[in-house]
Amino acid sequence: MSGTTTSTRKPVHLAVYDTLADWEPGHATAQLARAGYEIRTVGPTREPVTTVGGLRIQPDLALADVRPSDASLLILPGADLWDAGDELAPFARTARAFLDAGVPVAAICGATVGMAREGLLDDRDHTSAVSFYLAATGYAGGERYVEADAVTDGGLVTAGPTEPVAFAREILRLLKVYDDEAVDAWYRLFHDSDAEAYAVLEKAGVL
């Protein structure tokens with residue numbers, strides 16, 4: 001495990017909004033919580049939101065009350081609303097504020113479109129569902145698109161909708177939650193069902 005004690009770790013902020021893709025942040029938030037991070041949900045307001053799977057979430061915080069200095073990470077899951085207009089643009093602007101403050105951000109699926117529109121992918125290597133999904137935004141970062149399961153550059157993690165395990169892997173690495181051997185074993189267990197990885201994780205105290 002990381003040498004950082006749970007008492008000194010700032011919370012991880014998980015953005016929540018209507019039509020959120022339930023499956024995308026789950027591996028990351030579950031493993032972070034098991035490692036001692038508090039997960040705080042952040043909605044557009046404190047009003048409940050409903051995920052695409054029909055789960056009702058009562059946000060812990062309203063977006064207007066979020067400060068980068070109070071967090072270890074901001075996670076932005078995908079949601080149908082990212083493709084439906086500018087309703088979630090304030091979350092993209094908050095991502096910029098986090099990155100400007102040196103606090104990492106992790107965006108998956110539709111949230112990568114928000115990052116593209118905000119200009120946060122113009123100068124960073126990144127990935128998403130497919131390159132033309134981001135190209136439709138007219139962003140200037142097309143040459144930095146990488147065909148990969150997940151990418152980390154400049155404190156920003158990006159991934160496509162089919163890669164929640166790789167997304168979590170990049171987050172665990174970025175926050176140095178576990179050492180590289182344990183993170184690689186964790187990925188092999190949950191992505192590849194590699195039974196041999198279980199022993200590595202048990203030894204590291206991850207499971």
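The structure presented is a predicted model; accordingly, all values stated were derived computationally and were not measured.
Across all non-hydrogen atoms, the minimal contact from Asp122 to Ala140 is OD1-N, 3.2 Å. Ser72 approaches Val12 most closely through the heavy-atom pair CB-CG2, 4.4 Å. Pairing each heavy atom of Pro25 with each of Pro77, the nearest pair is CG-CG, 4.0 Å. A pairwise comparison of heavy atoms in Ala159 and Thr127 identifies CA-CG2, 3.8 Å as the closest pair. Minimum interatomic distance between Leu174 and Gly155 (heavy atoms only, all atoms of both residues): CD2-O, 4.2 Å. When all heavy atoms are compared, the tightest approach of Pro104 to Leu175 is CG-CD2, 4.1 Å.
When atom types are taken as modelled, the side chain of Asp194 and the backbone of Glu196 share a donor-acceptor pair closer than 3.5 angstrom. A donor-acceptor contact shorter than 3.5 Å links the side chain of Asp153 to the backbone of Asp125. No donor-acceptor distance shorter than 3.5 angstrom exists from the side chain of Ser128 to the backbone of Leu134, with no hydrogens or angles considered. Looking at Trp186, its side chain never comes within 3.5 Å of a backbone N or O of Glu181 through a donor-acceptor pair. Distance alone, capped at 3.5 Å, places no donor-acceptor pair between the Thr112 side chain and the Ile108 backbone. With hydrogens and angles ignored, the 3.5 Å screen pairs no side-chain donor or acceptor of Arg188 with any backbone N or O of Ser193. Of the possible donor and acceptor atoms, one in the side chain of Asp18 sits under 3.5 Å from a partner among the backbone N and O of Thr50. Distance alone, capped at 3.5 Å, is enough to place a donor-acceptor pair between the Glu24 side chain and the Gly78 backbone. In this structure, Asp60 contributes its side chain and Thr41 its backbone to a donor-acceptor pair below 3.5 Å. Within the 3.5 Å criterion, the main-chain N or O of Tyr37 finds no donor-acceptor partner in the side chain of Arg9.
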Original post:
Given Asp65 and Arg46, is the salt bridge (Lys or Arg N to Asp or Glu O under 4.0 Å) satisfied, shown in steps?
Top reply: CA-CA 10 Å; Asp65 297 326; Arg46 289 289 311 284; over 6 Å; no
Subject >> Working for side chain to side chain contact (heavy atoms under 4.5 Å, CB included), residues Leu14 and Val42 >> reply: CA-CA 6 Å; Leu14 171 66; Val42 179; over 6 Å; no
**OP:** Would you sort out whether Asp149 and His191 count as a side chain to side chain contact (heavy atoms under 4.5 Å, CB included), showing the intermediate values?
**Re:** CA-CA 11 Å; Asp149 54 9; His191 187 267; 5.7 Å; no
**OP:** Could you walk me through whether Val206 and Gln31 pass side chain to side chain contact (heavy atoms under 4.5 Å, CB included), step by step?
**Re:** CA-CA 9 Å; Val206 174; Gln31 204 59 47; 3.6 Å; yes
**OP:** Applying side chain to side chain contact (heavy atoms under 4.5 Å, CB included), run through His126 and Leu156 and close with a yes or a no.
**Re:** CA-CA 8 Å; His126 60 275; Leu156 178 60; 5.9 Å; no
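The stretch residues 85-104 participates, sequence neighbours left out, in these ring pair (Phe, Tyr, Trp, His ring centres under 6.0 Å) pairs: Tyr17-Phe91.
By the 6.0 Å contact criterion, CG on Asp86 is open, its count of non-hydrogen atoms from other residues, nucleotides or ligands being 12 or less. Heavy-atom contacts from other residues, nucleotides or ligands closer than 6.0 Å to CD of Glu87 number 12 or fewer.
Under the 4.5 Å side-chain heavy-atom criterion for Ile, Leu, Val, Met, Phe, Trp and Tyr, Trp23 and Ile39 are members of distinct hydrophobic clusters. In the hydrophobic clustering of this structure, Val146 does not group with Val165; members are Ile, Leu, Val, Met, Phe, Trp, Tyr whose side-chain heavy atoms approach within less than 4.5 Å, directly or through other members. By the rule that hydrophobic residues join a cluster once side-chain heavy atoms approach within less than 4.5 Å of another member, Val151 and Leu76 end up as members of separate clusters. Using a 4.5 Å cut-off between side-chain heavy atoms of Ile, Leu, Val, Met, Phe, Trp and Tyr, with links allowed through other members, Val103 and Val66 fall into the same hydrophobic cluster. Phe190 and Val157 fall within the same hydrophobic cluster, defined by Ile, Leu, Val, Met, Phe, Trp and Tyr side-chain heavy atoms under 4.5 Å apart, directly or through other members.
With rounding to the nearest 0.5 angstrom, the SG atom of Cys109 is 11.5 Å from the CD atom of Glu163. Considering OG1 of Thr51 and CG of Asp22, their distance stands at 3.0 Å, rounded to 0.5 Å. Distance check, rounded to the nearest 0.5 Å: OG1 of Thr19 to CG of Asp80 gives 4.5 Å. Atom CZ of Arg144 and atom CG of Asp123 lie 6.5 Å apart (nearest 0.5 Å). Taken to the nearest 0.5 Å, the CG atom of Asp180 stands 11.0 Å off from the CG atom of Leu172. Expressed to the nearest 0.5 Å, how far CH2 of Trp82 lies from CE of Met115 amounts to 4.5 Å.
Under the 4.5 Å side-chain criterion, counting only non-hydrogen atoms from C-beta, Leu63 is not in contact with Pro44. In this structure, the side chains of Ile171 and Ile75 come closer than 4.5 Å at one or more pairs of heavy atoms. Side-chain atoms of Pro68 and Leu74, non-hydrogen and from C-beta on, never get closer than 4.5 Å to each other. The closest side-chain heavy-atom distance from Leu121 to Thr158 is below 4.5 Å.
Applying the ring-ring contact (aromatic ring centres under 6.0 Å, His included) test to His13 and every residue at least two apart in sequence or in another chain returns nothing. Residues passing the ring-ring contact (aromatic ring centres under 6.0 Å, His included) test with Tyr133: none are found, sequence neighbours excluded.
Here His27 and Phe167 keep their ring centres 6.0 angstrom or further from each other.
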